[in-house]
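Each remark here refers to the structure printed beneath this line.
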Amino acid sequence: MATLQAVSGMNDLLPADGQGARWHRLETAFRDTSVRYGFQEVRTPLCEYAELFQRGVGEATDIVEKEMYTFDDRGQRRLALRPEGTASAVRAAIEHSVLARDPVVRWSYVGAMFRAERPAKGRYRQFHQVGAEVYGDDSPAVDAEVIDLASSFLQSIGITKFIVRVNSLGGAETRARYREALLAYFAPHREALSPESQLRLERNPLRILDSKDPRDQAFKAGAPSLVDALTPEDRAHFDRVQGFLTALGTPFVVDASLVRGLDYYSRTVFEIVDTSGSLGAQDALGGGGRYDQLFTELGSAKPVPAFGFALGIERLLLAAPVEEEKKPFRVAVVAVAKPDENTTHAGVLALARELRMHGFETVVDTRFGSMKSQMRRANDLAAAVVLLIGSNELAAEQVSMKLMATGEQRSVPRAALLDELTQTQRAPAATGAP
RNA sequence: GUGGCUGUAGCUCAGCUGGUAGAGCAUCGGAUUGUGGCUCCGAUGGUCGCGGGUUCAAUCCCCGUCAGUCACCCCA
């Protein structure tokens with residue numbers, strides 16, 4: 001490797017690829033949707049004390065165990081690039097006592113996350129998420145509304161082929177009871193399980209249910225059902241979530257084997273899976289759930305119920321249709337060099353500036369090559385209108401205005417130029433492709 | 001972390017069984033000295049990912065390494 005290059009799994013977005021515009025539209029769509037659902041955007045640092053994620057996401061999760069970018073600060077504290085957004089947002093909510101001011105807080109976020117995984121399609125080491133969180137309300141209405149937010153956002157960006165899977169993990173009491181039941185069930189079969197699952201048996205038996213390993217699949221069917229372990233309260237909560245989702249018209253399926261990779265979830269969890277096939281093996285667009293214990297685990301004096309989700313932007317863009325970009329009304333100003341270069345060049349720059357101040361997207365080929373090359377450049381940049389400035393125009397206080405679509409050209413008094421351009425912009429014919 | 005495939009101009013690729021590289025597109029210039037798109041002509045541009053080995057000689061064979069990609073794992 002002779003030249004410097006980007007860190008593996010971390011990508012550049014070049015304007016020429018048109019990706020920047022797609023990202024921009026997606027983020028705008030997310031902000032629009034989340035604002036309509038009553039959310040406000042929060043921004044937290046990319047970097048936190050590693051301890052936050054160890055306590056928040058869970059020491060035994062893959063994310064913290066082997067995928068976190070950690071490094072030492074100048075002092076002794078261990079820092080980490082955030083592998084997900086929820087822990088940071090909750091930390092900020094606690095630190096700034098936002099629940100003391102507002103009984104219920106609805107936050108959204110957009111930003112980069114980091115996980116040191118082997119890159120693959122739709123999976124990168126720096127990836128980006130949009131997410132939303134609700135703090136301070138344990139109502140099942142929150143669960144339903146936030147799942148609905150995620151779902152309607154997907155539709156707003158043209159993603160229609162997806163499935164929302166929901167499940168309930170139950171509260172702390174249920175989790176403890178169910179864990180015992182799973183242990184009792186799997187322990188006799190220990191040797192037959194995959195090596196990973198033998199480890200999971202000790203650390204987080206729940207995750208065995210999520211395994212795709214055929215050795216584990218064999219035992220899943222007969223495993224005790226989580227639904228049966230739910231307390232009446234958990235049961236009622238989950239039933240109401242489903243009822244609300246149905247009332248909202250948000251399609252979903254209940255999937256009893258759905259377990260999320262983060263430790264902080266309780267009660268409702270959900271995952272949105274792409275069914276268009278455009279994502280390869282990484283078909284999860286995102287997911288989330290309820291995490292009623294996280295505030296307490298991160299040091300909040302009072303327990304705060306919470307619900308949230310995150311979606312991966314890269315994956316959304318793989319799944320979303322590529323929309324046609326609107327062609328902007330662009331003006332190019334061209335200098336006719338003779339006989340006095342400096343005067344005409346200055347005239348071009350001054351005119352371009354004036355147009356920009358009036359809102360016109362204006363380009364100048366500042367190399368000021370031959371007229372031919374300037375015209376070619378204007379054409380390459382898809383300018384709808386080219387304005388020509390030369391000694392004739394300067395002397396007469398006029399500008400030659402050429403419509404690229406038709407080739408029509410006429411002289412316009414300098415004083416009337418802005419009105420002319422405004423009218424041209426409104427006429428659809430002038431903005432069409434040349 | 002494990003495995004498969006790939007790595008030649010800015011991009012997409014060609015290069016037969018080893019003799020130090022080509023095309024198309026893109027870029028720049030020209031074909032009437034104040035005018036674009038089409039066409040034609042020309043030019044710029046590559047230590048053939050990097051390092052080592054075999055050989056008289058390697059882009060082509062072998063090894064290593066880095067990178068990309070896909071899959072496993074996990075998840076966004």
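Since we're looking at a predicted model, the values are computed, not measured. In the text below, chain A, chain B and the rest are named by the order of the sequence lines, each starting its count at 1. Both backbone and side-chain heavy atoms feed into the values below; hydrogens, waters and symmetry mates do not.
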Taking the side chain of [X] as heavy atoms from C-beta outward, which of [options] is closest to it?
X: A:Glu393; options: B:rG34, B:rU35, B:rU69; answer: B:rG34
X: A:Lys402; options: B:rU35, B:rG34, B:rC75; answer: B:rU35
X: A:Asn392; options: B:rA76, B:rG34, B:rA71; answer: B:rG34
X: A:Arg123; options: B:rC73, B:rG34, B:rU69; answer: B:rC73
X: A:Arg376; options: B:rA71, B:rG36, B:rG34; answer: B:rG36
X: A:Arg118; options: B:rC75, B:rG36, B:rU2; answer: B:rU2
X: A:Asn379; options: B:rG34, B:rG36, B:rU2; answer: B:rG36

Exercise. For RNA chain B, what residues of residues 367-375 of chain A have any heavy atom nearer than 4.0 Å?
Worked result: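 Here the set is A:Arg367, A:Met371, A:Lys372, A:Ser373, A:Met375.
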Problem set entry | Positions of residues 309-319 of chain A (non-hydrogen atom under 4.0 Å from RNA chain B), listed by number |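 Close to the strand are A:Gly312, A:Arg315.
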Exercise. Quick one: does A:Phe153's side chain get under 4.5 Å of A:Ser34's, heavy atoms only?
Worked result: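 No; the side chains remain at least 4.5 Å from each other.
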Exercise. What's the verdict on side chain to side chain contact (heavy atoms under 4.5 Å, CB included) for A:Met375 and A:Lys372, showing C-alpha distance, side-chain angles and the deciding distance?
Worked result: CA-CA 5 Å; A:Met375 288 299 295; A:Lys372 188 190 187 74; 5.8 Å; no
Exercise. Between the base of B:rG1 and the side chain of A:Glu67, is there any donor-acceptor pair under 3.5 Å?
Worked result: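 Answer is no: no donor-acceptor pair is held.
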Exercise. Of the non-hydrogen atoms in A:Leu258 and A:Arg165, which two are nearest, and what is the gap between them?
Worked result: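 Smallest heavy-atom distance, with atoms named: CD2-O, 3.4 Å.
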Problem set entry | Residues A:Glu297, A:Arg55; criterion salt bridge (Lys or Arg N to Asp or Glu O under 4.0 Å); working and verdict | CA-CA 7 Å; A:Glu297 271 166 41; A:Arg55 286 169 55 184; over 6 Å; no
For this session: From the options A:Val253, A:Leu285, A:Asp283, select the one residue that forms a side-chain contact (heavy atoms from CB on, under 4.5 Å) with A:Ile163.
Result: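 Only one of A:Val253, A:Leu285, A:Asp283 forms a side-chain contact (heavy atoms from CB on, under 4.5 Å) with A:Ile163, namely A:Val253.
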Exercise. Short question: side chain of A:Arg367, backbone of A:Ser373 - any donor-acceptor pair under 3.5 Å?
Worked result: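 No; zero donor-acceptor contacts below 3.5 Å.
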Exercise. With both distances under 3.5 angstrom, what nucleotide forms a Watson-Crick or G-U wobble pair with B:rA9?
Worked result: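 Matched B:rA9 with nothing under the 3.5 Å cut-off.
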Exercise. Reckon A:Gly131 touches a base, only the sugar-phosphate, or nothing at all at heavy-atom distances under 4.0 Å?
Worked result: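 Counting heavy atoms under 4.0 Å across all strands, no contact is made by A:Gly131.
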For this session: Under 4.0 Å between any heavy atoms, over every strand shown, what does A:Arg115 touch: base, sugar-phosphate, or nothing? Just pick one.
Result: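 Contact class for A:Arg115: base.
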